[in-house]
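Let me begin by presenting the structure, written as structure tokens, before commenting on it.
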Amino acid sequence: MKEQSNIPTSKVERAGKFVTTGLKVGTNYIKHYTRKLMDPSTTKEELHQDNAADIYDTLSNLKGSALKVAQMLSMDKGMLPKAYTEKFAMSQYSAPPLSGPLVVNTFVKTLGKSPSQLYDQFEMQASNAASIGQVHKATKAGKQLAVKIQYPGVANSVKSDLRIVKPFAIRIVGMNEVDMDKYFDEIESKLLEETDYKLELRRSMDLSRECAHIPNLKFPGYYPEMSSERIITMDWLDGQHLKEFLQTNPSQDVRDRIGQALWDFYQFQVHSLKQVHADPHPGNFLMRPDGTVGIFDFGCVKEIPEDFYVNYFLLVDKEVLKDEKRRHQIYTNLEMIHPTDTPKEVEFFSGLFQHMIDLLTLPFTLDHFDFGNEAYFNEIYAYMDELYNMKEIRDSKVARGSRHSLYINRTYFGLYSILSDLKANVITGPARIQELMSASKAS
């Protein structure tokens with residue numbers, strides 16, 4: 001893959017790239033409608049492919065929050081046309097890497113030494129490159145290391161990038177720009193945290209230690225003395241990303257063990273720690289033929305407020321949901337319905353949410369769940385598509401759902417997606433959570 005020798009860092013440069021891309025997208029629409037005049041059977045698939053390629057090309061060269069939004073969108077199956085999902089998924093671990101001189105410059109600026117002075121060996125070619133940074137292999141005192149390096153200008157461009165990328169995101173998803181600020185404020189706060197590598201290092205060490213008792217999880221050791229505000233040095237973990245791993249045709253037992261480890265990892269964090277690794281895309285996990293999974297990126301961690309936690313997980317309690325008055329109060333607490341809603345709107349949206357919750361919480365209500373059940377996921381995607389096309393929802397004057405639900409929902413959607421690809425059969429009942437919490441206390 002071609003390396004980048006520079007990244008636009010000024011607001012003017014980055015805005016200019018978006019303007020140029022906007023013109024390309026406009027041209028693609030003109031070409032599409034011209035073709036459609038000549039051939040009425042022309043579909044939008046080619047238009048989506050052209051737009052996805054042009055937008056991704058810009059985002060992958062800008063890096064940072066712009067590319068991170070593409071990564072987030074790629075995880076939401078059913079939300080985007082397939083062309084966007086496939087192209088944007090490349091941002092998970094296949095973005096164009098930085099050139100050697102930029103890498104060396106980052107070391108000298110933040111640690112006062114070059115890579116050759118810090119490590120016995122350092123591979124100048126990146127092993128993986130994603131939205132916020134890229135990873136290099138190194139060795140020190142016989143240990144294999146992974147060195148994560150943040151791209152230049154990422155932290156300083158978060159606010160301006162989000163202002164520019166917001167219209168693209170809304171247009172691609174097909175949403176009206178209505179009351180979206182609270183969600184973009186949440187995204188901004190998380191992205192700013194992701195650019196703070198000192199915070200990530202601390203969280204990585206803390207959460208790895210807290211989750212060390214969970215079976216079949218592997219965490220790297222971390223090296224603060226070889227880390228900085230833009231560099232994190234950790235042990236190298238062997239394994240394969242999900243797509244490559246599945247191509248090896250692993251046994252059902254191995255799939256189940258990895259699926260169980262991931263389910264346990266997320267449930268323990270949410271219910272015991274009240275904070276969670278909120279970036280469950282395949283680029284953050286390394287899967288192994290022995291049924292273990294390596295986890296190494298704690299840049300995006302969502303802390304869960306107690307009142308949100310209580311209301312959110314009351315939705316799993318079938319007895320609670322039978323009480324209409326209490327159910328409506330929970331919906332109100334979670335900002336799913338609003339005090340300004342008319343009785344007709346309350347009834348309409350409550351009905352929609354009830355069905356959606358019944359679908360999405362099904363694994364929590366059973367002792368075991370087969371995430372290889374394609375009919376289950378097809379029903380979810382079909383219902384999401386139905387909601388997406390409902391005039392009442394598209395014309396709604398308020399955004400429905402607490403800002404805290406954004407990353408919690410994203411976490412569970414990402415987890416479900418990975419477990420679905422693994423076709424894993426997992427123990428999901430509440431007894432499993434209690435077992436994990438008891439094991440934590442014992443350790």
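As the structure is a prediction and not an experimental result, all values here were calculated from the model. When reading the values below, keep in mind they use all heavy atoms of this one structure, side chains included, and skip hydrogens, waters and symmetry mates. Residues take their numbers from the sequence shown, with the count starting at 1.
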Rounded to the nearest 0.5 Å, the CG atom of Leu237 sits from the CD1 atom of Ile295 at a distance of 9.5 Å
What verdict does the salt bridge (Lys or Arg N to Asp or Glu O under 4.0 Å) test give for Lys137 and Glu123, after you've listed the backbone C-alpha separation in whole Å, the side-chain angles of each residue and the deciding distance to 0.1 Å?
CA-CA 5 Å; Lys137 267 188 175 181; Glu123 292 187 9; 5.2 Å; no
Between His271 and Tyr309, does any side-chain donor sit less than 3.5 Å from a side-chain acceptor?
yes
Okay, side chain of Gln252, backbone of Lys423: is any donor-acceptor separation there less than 3.5 Å?
yes
Ignoring hydrogens and angles, state whether a donor on the side chain of His136 or Lys148 is under 3.5 Å from an acceptor on the partner side chain.
no
Over 60° means perpendicular and under 30° means parallel, so tell me whether His355 and Tyr383 are parallel, tilted or perpendicular.
perpendicular
Using only heavy-atom distances, determine whether the side chains of Asn333 and Gln329 contain a donor-acceptor pair under 3.5 Å.
yes
Is there a salt bridge (Lys or Arg N to Asp or Glu O under 4.0 Å) between Arg203 and Asp206? Walk through the geometry before answering.
CA-CA 5 Å; Arg203 282 174 164 172; Asp206 290 346; over 6 Å; no
Quick one: sort the Phe377 and Phe371 rings into parallel, tilted or perpendicular, breaks at 30° and 60°.
tilted
So, for Tyr223 and Trp236, is the gap between ring centers shorter than 6.0 Å?
no
In this structure, OG of Ser208 is separated from OH of Tyr222 (nearest 0.5 Å) by 4.5 Å
Hydrogens and angles aside, do Gln354 and Arg327 bring a side-chain donor and acceptor to less than 3.5 Å of each other?
yes
Applying salt bridge (Lys or Arg N to Asp or Glu O under 4.0 Å) to Asp290 and Arg257, what does each step give before you reach the verdict?
CA-CA 9 Å; Asp290 64 355; Arg257 276 190 281 158; over 6 Å; no
Could you state the interatomic distance from CZ (Arg255) to CG (Leu419), rounded to the nearest 0.5 Å?
12.0 Å
Side-chain contact, heavy-atom cut-off 4.5 Å: Val276 with Ile408?
yes
Between Thr110 and Arg230, a side-chain donor and acceptor under 3.5 Å
no
Gap separating the CG atom of Asp235 from the NZ atom of Lys218, nearest 0.5 angstrom
12.5 Å
Side chains of Ser350 and His328 only: does a donor on one sit below 3.5 Å from an acceptor on the other?
yes
Would you say the ring centers of Phe364 and Tyr412 fall short of 6.0 Å from each other?
yes
May I ask you to decide if the ring planes of Tyr266 and Phe285 are parallel, tilted or perpendicular, using 30° and 60° as cut-offs?
perpendicular
Is a side-chain donor-acceptor pair under 3.5 Å present for Tyr416 with Asp421?
no
